[in-house]
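Note that the numbering runs from 1 along the sequence shown for the chain.
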Amino acid sequence: EGPAQGPDGILYLVNFERKGTIGQIDKQGTPSLFVNLPEGSTGNGIRFNRKGNMFIADYTGHNILVIQKGSKEVKIFAHEPKMNQPNDVAITSSGILFASDPNWKDNTGNLWRISPKGEVTLLEANMGTTNGVEVSPGNKYLYVNESIQRRIWRYNIDKQGNISNKTLFYTFDDFGMDGMRCDVEGNLYVTRHGKGTVVILSPKGELIREVTMKGKLPSNIAFGGKDGK
């Protein structure tokens with residue numbers, strides 16, 4: 001899971017060959033091991049900030065991990081023992097992180113904010129099973145989905161990363177959801193775990209297109225390649 005293209009054009013992903021690793025796929029399509037995470041850590045979502053630093057949701061260690069650009073040293077950026085299991089992360093242009101935090105056993109979830117200094121704040125507790133999370137272009141909206149409840153919520157974001165005006169953005173009648181990404185137009189791409197598709201939703205919450213995948217369990221999604229296309 002957790003695909004993300006770094007500033008070097010390499011695609012990174014978690015749990016390469018075995019749990020607790022991060023793999024890389026170069027521009028020629030050759031995969032290899034990038035790093036081993038610390039004992040007890042397991043990566044899920046990956047995001048890069050504008051400086052090229054990699055942030056990893058560590059769901060077994062209750063951490064957000066960081067690897068500085070040009071380094072292979074894994075450090076704990078933020079630790080919160082109250083987290084169930086940080087699952088996916090989104091990031092604003094100023095470096096504010098948002099983390100989904102599902103409790104699959106109870107079909108509930110939380111939403112956390114992590115400041116550029118690593119300060120952790122609980123934004124909302126006892127949601128549905130929070131999973132995919134994404135910030136829209138211009139840092140205007142935060143999207144959060146609930147896999148079991150099949151809902152996508154949208155919040156307004158201010159410059160401090162405070163959220164407001166929670167609105168039900170979209171609901172599906174069947175199958176779950178996982179990762180989400182926005183394109184430059186603000187359209188939201190949603191992986192339909194179990195259905196084997198990616199749904200593209202407009203900023204108005206209208207279904208634009210549904211793309212059928214080869215696999216039935218798409219878990220996360222990222223833009224990559226030349227110019228991010």
(request) Could you label the plane-to-plane angle of the Phe48 and Tyr12 rings as parallel, tilted or perpendicular, counting under 30° as parallel and over 60° as perpendicular? (result) tilted
Mind listing the side-chain donor-acceptor pairs of residues 61-68 below 3.5 Å, one per line with the distance, residues two or more places apart or on another chain?
residue	atom	partner	partner atom	Å
His62	ND1	Met83	O	2.8
His62	ND1	Asn84	O	3.4
Asn63	OD1	His79	ND1	2.6
Asn63	ND2	Asp58	OD2	2.9
Asn63	ND2	Gly61	O	3.2
Gln68	OE1	Asn53	ND2	3.3

(request) Taking side-chain contact (heavy atoms from CB on, under 4.5 Å) as the test, write out the residues that go with Leu217, two or more places apart. (result) His193
(message) Who clusters with Leu111? Use side-chain heavy atoms, under 4.5 angstrom, across I, L, V, M, F, W and Y, and order the result by chain and number.
(response) Ile96, Phe98, Leu123, Met127, Val133, Val135, Leu142, Val144, Trp153, Tyr155, Ile157, Ile163, Leu168
(message) Assigning hydrophobic clusters by single linkage (Ile, Leu, Val, Met, Phe, Trp, Tyr; side-chain heavy-atom cutoff under 4.5 Å), is Val14 placed with Tyr59?
(response) no
(request) Report the hydrophobic cluster partners of Leu201, with the cluster defined as I, L, V, M, F, W, Y residues connected by side-chain heavy atoms closer than 4.5 angstrom, directly or transitively. (result) Tyr141, Tyr143, Ile152, Phe169, Tyr170, Phe172, Met177, Met180, Leu188, Val190, Val199, Leu207
(request) May I ask you to list the residues sharing a hydrophobic cluster with Ile25, side-chain cutoff 4.5 Å, ordered by chain and number? (result) Leu11, Leu13
(message) Would you say NZ of Lys72 has more than 12 non-hydrogen atoms from neighbouring residues, nucleotides or ligands within 6.0 angstrom?
(response) yes
(message) If you count heavy atoms of other groups shown closer than 6.0 angstrom to NZ of Lys69, is the number above 12?
(response) no
(request) Taking side-chain contact (heavy atoms from CB on, under 4.5 Å) as the test, write out the residues that go with Asn165, two or more places apart. (result) Asn156, Thr167
(message) If only side-chain N and O atoms count, and only distance matters, is there a donor-acceptor pair under 3.5 Å linking Asn44 with Asn87?
(response) yes
(request) May I ask you to say whether Asp174 pairs ionically with Arg192, meaning some side-chain N is under 4.0 Å from a carboxylate O? (result) yes
(request) List the atom of Pro86, the atom of Ala57, and the distance in Å for their closest heavy-atom pair. (result) O-CB, 3.6 Å
(request) Would you tell me whether Asn139 and Ser93 have side-chain atoms, one donor and one acceptor, within less than 3.5 Å of each other? (result) yes
